[in-house]
Amino acid sequence: MDLEYTEEYKQYREQVRDFLEGWPLQGEEANLSEDEQAALFRERGIRAGFVCRNVPAEYGGAGQAPDALKDAIVRDEFYAAGAPGDSISQGAGLLVPTLLDFGTDAQKKRFIPLAISDRERWCQGYSEPGSGSDLASLQCRARRDGDDYLLSGQKIWTSNAREADWMFGLFRTDPDASKHAGITYLLVDMKSPGIEVRPLKGMTGGMEFNEVFFDEVRVPSENIVGREGEGWAVSRATLIHERNLIASPTMMRDTFNDLVDLARRTIIDGRPALEDLGVRRRLVEIEGYVRTGETSNMLQFTASVRGEPLKAMRPMMMAKLYSTDTMQRIVRCAYDLLGAEAMYSPAPEDVAGWARNATSTGWVEAYMFSLGPAIAGGASNIQLNIIGERGYGLPRDPRPPEA
Ligand SMILES: Cc1cc2nc3c(=O)[nH]c(=O)nc-3n(C[C@H](O)[C@H](O)[C@H](O)COP(=O)(O)OP(=O)(O)OC[C@H]3O[C@@H](n4cnc5c(N)ncnc54)[C@H](O)[C@@H]3O)c2cc1C
């Protein structure tokens, strides 16, 4: 198997790198707020054809022809440069592809341009207390009232709800229909009267989760995505995009390299941990997982470039589970190497994301953080069920989850 990129794609990578020379912003622009800098750079990225490549120009996107390899190159290079790219937000990463599939023309024109630049922020209102894996059991009500809906009930684990301008969410419009048929996908203005957002403190000390309460919140019926009672199908599309975003071979490789570096710097019995046979075996085993993830990713690209979507299905289903599982192996190994040092709890403001440029506190944070993606967007057990049932045709789990 030849895993080399062709000349055309190598040149494309160079073009992306040239563009990324412009990040971080310099001069006067560096004094703008972080959000403003990110929005500005994303808008430049769109104009240059790199950010939101596949979003049609009429909706504010770059309007480029679909090309999975170019998408991957852009994703890798933006990640390496720490620049704001496609997957930065729930709006650009999750809502936009869903609207492109299911939205009306008016919705696409109204919402996509501001979502892709991240000038309008979105949050995802799916989970409820008691409805996570078994999402279709959700109870948050949307009652018809003339041309509007009135929302009442509660969502939970809503990431970034306090900063969000809008929510895309699932609401029960028909409590008498079968549980999947009574659900509608709505776009909710977070400034509407009757919405209360209460932060939840996570184990890393951050407050990125929230509970959202609705008390007779009015939403115009033109904010339905898809049709009333057909929200389940729309939500599936968003979830597939979410799982693909969570799966990241680049992040796996990057974090693994940091782990090897840590093993080089950590001294056990007077010698670098990297010289210890047990540590070396563990690193080789993990490297095997990382390489398998990379190869599986390449197989997906190949299938996608050749227009073989069905063949790509199994690797796609496995990508999220595999990526989160391997990330946990990497950070657990780092955690073990650090020994007692790992016990120091990091102050939240000292903490970087994942294990990029990991210090000992960075690794502790990375370990705690690694637990979340394995649950978000459908927990690992549910991914196993999906792979078994839809990927390999095994009998269905008799229990109810549908995530
Ligand atoms: C980092 C993070 C961000 C999140 N962001 C959002 C967000 O923005 N918006 C939102 O709506 N939600 C969000 N969530 C919530 C997430 O979608 C749910 O936590 C997830 O779907 C699991 O639901 P639950 O927490 O209710 O767990 P449960 O469904 O109660 O599951 C508990 C455990 O039981 C297992 N289990 C359940 N059913 C089965 C079964 N049939 N077979 C085998 N095992 C089973 C699960 O795998 C899990 O280990 C986020 C979660 C995390 C961790």
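Atoms within each ligand, like the ligands themselves, are counted from 1 in listed order. Only this structure's heavy atoms are used, side chains among them; waters, hydrogens and symmetry mates stay out.
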- Short side-chain donor-acceptor distance under 3.5 Å, Tyr149 and Arg144: yes
- Trp157 N/O under 3.5 Å from ligand 1 N/O: yes
- Which atoms of ligand 1 sit under 4.0 Å from any heavy atom of Ala379? 46 (C), 47 (O)
- Task: Assess whether atom CG of Asp147 is packed by more than 12 heavy atoms of other residues, nucleotides or ligands within 6.0 Å.
- Result: no
- N or O pair under 3.5 Å between Thr158 and ligand 1: no
- Could you list the atoms of ligand 1 found under 4.0 angstrom from a heavy atom of Gln90? 8 (O)
- Item | Nitrogen or oxygen atoms of Gln124 and ligand 1 under 3.5 Å apart | yes
- Check ion pair Arg253-Asp76 (N to O, under 4.0 angstrom): no
- Query: Between Tyr12 and Asp67, do the side chains contain an N or O donor and an N or O acceptor separated by less than 3.5 Å?
  - Reply: no
- Task: May I ask you to check if Arg198 and Phe213 form a cation-pi contact, with NZ or CZ under 6.0 angstrom from the six-membered ring centre and within 45° of the axis?
- Result: yes
- Message: Counting only heavy atoms, tell me which of Gly132, Gly169, Cys123 gets closest to atom 23 (O) of ligand 1.
- Response: Gly132
- Message: Ser131 versus ligand 1: do any nitrogen or oxygen atoms come within less than 3.5 Å of each other?
- Response: no
- With respect to atom 29 (O) of ligand 1, which of Ser133, Pro373, Ser137, Pro129 exhibits the smallest heavy-atom separation? Ser133
- Task: Just jot down the ligand 1 atoms closer than 4.0 angstrom to any heavy atom of Asn385, in number order.
- Result: 40 (C), 41 (N), 42 (N)
- Between the side chains of Gln139 and Glu128, does any donor sit under 3.5 Å from an acceptor? no
- Taking the six-membered ring for Trp, are the ring centroids of Phe19 and Phe41 within less than 6.0 Å of each other? yes
- Query: Can you tell which of Asn381, Leu94, Leu371, Val212 gets a heavy atom nearest to atom 35 (C) of ligand 1?
  - Reply: Asn381
